[in-house]
Number of protein chains: 2
Amino acid sequence: MAERPSKGARLKDVAERADVSIKTVSNVVRGQVRVAEPTRQRVLRAIAELDYRPHASARHLRTGRSGVIALAVPELVQPYFAELATAVIGAAAEHGVSVLIEDTGGDPAAELRAACGLSDPLIDGVLLSPRLLDQSALARRERRVPLVLLGERDYEVPADHVLIDNVAAAREATAHLLELGRRRVAAIGFQTNPAHATSQQRARGYHEALHAAGVPYDPELTPAVPDFQRMDGAAAMRGLLALPEPPDAVFCFSDLLASGALRAAYDHGLEVPRDLAIVGFDGIEETQFSVPSLSTVAPDKPQLAQLAVKALLARIAGDPDAPHTTQHATHRLVRRESSGAR
Amino acid sequence: MAERPSKGARLKDVAERADVSIKTVSNVVRGQVRVAEPTRQRVLRAIAELDYRPHASARHLRTGRSGVIALAVPELVQPYFAELATAVIGAAAEHGVSVLIEDTGGDPAAELRAACGLSDPLIDGVLLSPRLLDQSALARRERRVPLVLLGERDYEVPADHVLIDNVAAAREATAHLLELGRRRVAAIGFQTNPAHATSQQRARGYHEALHAAGVPYDPELTPAVPDFQRMDGAAAMRGLLALPEPPDAVFCFSDLLASGALRAAYDHGLEVPRDLAIVGFDGIEETQFSVPSLSTVAPDKPQLAQLAVKALLARIAGDPDAPHTTQHATHRLVRRESSGAR
């Protein structure tokens, strides 16, 4: 950035050139308020012509805030996180705040680095969806940038926290399959790693629903998976279909697992839902379009995003030592063709 | 960030506490070199205990570089861009560089802001996949942060540029359908907006393949779509199936369009590929798992990412006024069930 001129144009110069008010230029630059398209184009042209660049760090020093937050998620290639990121961008834009996204790969060190603000002095605060980062590491992260956790951790985390009730959601999905009269209800998504809170909680909901229906738990029907990807779902389903007594229904802990399971059932010559009913989890867009369409537990992503952004902005503006809050977003079971809905 | 202590721990203090070399701490912090897991955990613990935070802007001032680049894409909810982002993160990590991601929503103003480095002094350079940003806006962006464009623009852009040959790729996809003996080959992805270069180039490849096969162009078979999403593909397919002479094959300009078209064909009672052969574009993961699996044109995303990251790092380290380069990544046509492969 050595080539950037040090004595650059100012907001005032842009406003004069574009023949608009300083406030209008500011609105265009910050994207906070809608500006009529011809005016916006004129301002953008003036910005380009004058080589105007808002000096973020100067603004940052003056106000103490940059208007930029970070969102760290485990994997953007999981559509759930891409959809959640889009919801967060939308919710932040309503407050005039921009979002930079970090893909941690689910690596605890990357998650800790994100929780510390990515070492970026521009970032006002962080929304973190952790996968494996443990409580003690987070607890030792004291007095860093404002942080809100998005996810399923059920421990006492030293941060504000927005989540859905994963146990209840998994219970409802399993109960739905049992109510169809299925009795060999498998679950794909169990994990051997106890730090994987998402898996632990959905497994608990599955157990509770079986118990409530008086259906005994059969460990053969809950194979452990290495991850929540399509190929993991397909491999687990192939294993289940090779059992002497294969399942007649399966609850998958993610829609990607369900997509893989559906494909494996098709390769096995099964008809879904007649031979095998399937319910996924996450409510991602493709579940509406797959053949057959996939039933799924859909967290309310816009609500999750709005609660998380509001909690973070409150923490940024407020007392860093105020007690931490926990808020729940809603979810709903969407019944589609894969579990018998038309 | 007012709460951060001004006189913080230094690298040296962390190294002493963790009983490792300063170089090891640096490796853990920068994530550049693999560090054995127990050692890494010890370093992370020391970092947390001492509240050590690498001061990015100080490092930045000293070296002139932060080791952070930005990637701006139109829409992360399009799996193509999430997969491309993941490939870019992987390619950048090989050079010890971190990536922050910006979702521009395809808005030209957001794309211009990204091309100017997001106003973030931490960002060394930008990879931008523009959707509608026009040449003149980019041309006026002079002497800003180093920039590499990822995408299909065929104009003389004032930046380094990495892309695939979209015309050839679309020609191959269409020719494949014609070689199956189909003669009513539709295309879903035409757009009325001439700034949409992706659409323009794929349309050109479609025309060229028809022409080469001596098949006359029928404008009824190329409905305009508002966007490249699933719902656009489903709506366009429904329109095509309502024609007096519906198509027997369709080339979709994105895999999401193909997913929507496939669902619409299924709702119409058609069997794919017997009644309708389908080829998509992007090579996204779900095409392997859909029922039937989808044929697609797959750009080599890891290669695109590697070429783009290398070009950007060369521009960051090199002469800002050196001539701009254009490099092509490869693509391949993946034949699957939706166009008759087994």
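Below, read A as the first sequence line, B as the second, and so on, with proteins coming before strands; counting in each chain starts at 1.
Chosen from Val77(B), Ile284(B), Leu76(B), the residue pairing most often with chain A at heavy-atom distances under 4.5 Å is Val77(B). When each of Glu286(B), Gln78(B), Glu83(B) is checked for heavy-atom pairs under 4.5 Å with chain A, Glu286(B) comes out on top. Between chain A and the options Ala264(B), Ala109(B), Ser259(B), heavy-atom pairs under 4.5 Å are most frequent for Ala109(B). Each of Pro79(B), Pro292(B), Ala82(B) has some count of heavy-atom pairs under 4.5 Å with chain A, and the biggest count is that of Ala82(B). Chain B forms the most heavy-atom pairs under 4.5 Å with one residue out of Gln229(A), Gln288(A), Glu285(A), Glu75(A), and that residue is Glu285(A).
Within the 4.5 angstrom heavy-atom criterion, only backbone atoms of Val99(A) (N, CA, C, O) approach chain B. Residue Ala234(B) touches chain A through its side chain alone, counting heavy-atom pairs closer than 4.5 Å. At a 4.5 Å heavy-atom cutoff, the contact between Thr86(A) and chain B is made by side-chain atoms alone.
Separating the OG atom in Ser98(A) from the CG atom in Asp103(B) is a distance of 11.5 Å, to the nearest 0.5 Å. To the nearest 0.5 Å, atom CG of residue Leu71(B) and atom CG of residue Leu100(A) are 11.0 Å apart.
Counting only heavy atoms from C-beta outward, the side chains of Arg263(A) and Ser293(B) approach each other to under 4.5 Å.
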